[in-house]
Amino acid sequence: MAEMKMIEAAQHGWRGAVDIPGDKSISHRSVMFAGLGDTPVHIRNFLHAADCLSTVHVMRALGSTVEFLNENELIVTGKGLHGLTEPMTVLDAGNSGTTLRLMMGLLAPQPFLSVFCGDASLTRRPMGRVLLPLSAMGARIYGRNTNNNLPLTIVPTGEKLRGIHYESPVASAQVKSAILLAGLYADASTTVTEPYVSRDHTEQMLAGFGVRLERTGTSVTVFPVEDGAYRAPEEITVPGDISSAAYFLVAGSIIEDSSLLLRNVGINPTRTGILDVLTEMGAYITLQNERTSGGERVADLTVETAPLRGVSFGAEIMPRLIDEIPIIAVAALFAEGDTVITGAGELRVKETDRLHAIATEFQKLAPGSIEEREDGLIIHGKTEIQRAQASSYGDHRMAMSLAVLGAAAKGVIIEEPDSVNISYPTFFSEIERL
Ligand code: S3P
């Protein structure tokens with residue numbers, strides 16, 4: 001494991017094409033949902049990264065067969081919607097909030113006991129947001145201390161869960177998905193209402209498995225699945241991850257003389273907030289070759305260097321760019337004027353407290369460039385940037401954002417760079433190639 005990674009200032013623009021690796025959210029779901037079917041599902045362009053492998057290990061421990069044809073292609077065969085079996089060991093979700101929260105929803109209705117653990121970061125993160133609504137459905141889940149942290153134990157109740165209408169205080173796809181998955185097994189329909197619509201990959205993919213869902217406004221209802229109605233498709237092709245493309249969208253905008261083609265990027269409207277914000281900042285981004293792949297919209301994106309200007313945005317767009325705040329903050333540092341980000345309190349409970357992490361590390365690289373607020377950041381664009389050592393806090397998105405910042409300025413030495421393995425293991429080799 002490398003302790004530090006040295007990123008040098010780019011000597012010339014980044015030019016050429018990048019094949020964006022598979023979407024992390026969709027990769028998780030493809031393995032989980034395929035593992036609930038009873039026919040083999042061929043998954044292509046799967047993201048072979050630590051987070052998604054956590055889901056693979058958990059599904060295997062529950063009796064699903066997962067066979068890798070190569071790193072990005074696998075065949076998943078389940079034993080049916082009621083075919084999961086009691087795990088013999090503690091289930092390790094690693095660093096992955098998606099694995100843990102979605103699996104809590106899936107395991108709450110099962111007639112067996114399961115126990116979860118995870119790494120230090122996941123162990124600090126709040127699970128009450130999932131435990132509470134699942135408990136309202138009748139589930140019995142026990143966590144550590146008043147925050148319901150890991151380790152967590154799910155105890156069978158011997159009864160069907162109850163369908164509920166849950167008004168979620170947060171726009172979170174992980175919370176919504178956990179409830180919808182539990183709803184597959186409930187005695188009546190289950191509705192989740194969110195303050196704003198979060199990513200809808202669960203809804204899109206479950207519909208492809210024959211599950212009945214209805215959306216009205218920011219509410220979505222799932223109906224319990226009758227025996228035999230859950231039908232796995234023969235194949236799922238995972239689109240490229242716009243959250244991974246985001247690093248190149250910003251690098252291509254701020255590194256002088258750049259021109260990049262980002263191939264095969266998912267453009268599901270619940271994920272494209274980054275395109276809206278960068279466009280408003282003045283970025284030169286185009287969408288080409290729009291198509292549908294595995295029920296999701298996909299396009300090739302181009303980006304060229306552009307003069308950026310500061311913008312303001314808040315809670316309303318947040319769910320559509322929740323994972324992109326660190327790299328948007330980097331773009332803001334190179335923009336003319338201030339960028340004001342509000343309604344971003346959720347960032348405090350990500351892999352690390354990202355608001356604090358961004359503010360602290362930007363102060364090292366560009367003193368005076370940033371102000372941390374309770375629910376956001378103010379970034380003063382065009383502040384003088386220096387070379388410095390900065391921490392990723394073991395957070396993949398911090399590591400990649402710092403790398404882009406360093407390449408566009410005077411270089412950076414990144415602590416705990418291996419965190420990129422969580423979502424983009426080939427990130428450093430890709431930027432070295434460019
Ligand atoms: C995800 C949902 C988001 C996002 C995470 C992946 C998902 O989390 O930050 O990276 O796959 O459902 P929240 O639901 O906590 O907002």
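The first residue in the sequence is number 1, and the count goes up from there. Read the numbers this way: they start at 1 and go in the same order the structure lists the ligands and their atoms.
Neither the backbone nor the side chain of Lys176 comes within 4.0 Å of ligand 1, counting heavy atoms alone. Contacts of Arg29 with ligand 1, taken as heavy-atom pairs under 4.0 Å, involve the side chain alone.
The shortest separation from a heavy atom of Lys350 to ligand 1 is under 4.0 Å, placing the residue in contact. Using a 4.0 angstrom heavy-atom cutoff, His201 does not count as in contact with ligand 1.
Residue, atom and distance of the protein heavy atom nearest to atom 14 (O) of ligand 1 are Ser172 OG, 2.6 Å. From the protein, the heavy atom lying nearest to atom 1 (C) of ligand 1 is Gln174 NE2, 3.5 Å.
Outside the 6.0 Å centre-distance limit, the rings of Tyr393 and His356 are not counted as a close aromatic pair. Between His48 and Phe68, the distance separating the two ring centers is shorter than 6.0 angstrom.
Cation-pi geometry between Lys5 and Phe428 is satisfied (NZ or CZ under 6.0 Å from the ring centre, within 45° of the ring normal).
Per-residue contacts place Ile322 under 4.0 angstrom from the following atoms of ligand 1 (heavy atoms of the residue considered): 9 (O). In the vicinity of Asp323, heavy-atom distances shorter than 4.0 Å reach the ligand 1 atoms 4 (C), 5 (C), 9 (O), 10 (O). Near Thr98, the atoms of ligand 1 lying under 4.0 angstrom from a non-hydrogen atom of the residue are 1 (C), 6 (C), 7 (C), 11 (O). Interface of Ser25 with ligand 1, defined as ligand atoms under 4.0 Å from a residue heavy atom, comprises 1 (C), 6 (C), 7 (C), 11 (O).
A salt bridge links Arg271 with Asp23; the closest basic N to acidic carboxylate O contact falls under 4.0 Å. Under the 4.0 Å criterion applied to side-chain N and carboxylate O atoms, Arg397 and Glu351 are not assigned as salt-bridge partners.
Of the N and O atoms on the side chains of Asp300 and Asn289, at least one donor lies less than 3.5 Å from an acceptor on the other residue. Side-chain atoms of Thr302 and Gln288 form no donor-acceptor pair, as typed in the model, at a separation below 3.5 Å.
The two residues Glu203 and Lys176 make their nearest non-hydrogen contact at OE2-NZ, 2.8 Å.
Considering backbone and side-chain N/O of Ala173, one or more are found under 3.5 Å from N/O of ligand 1.
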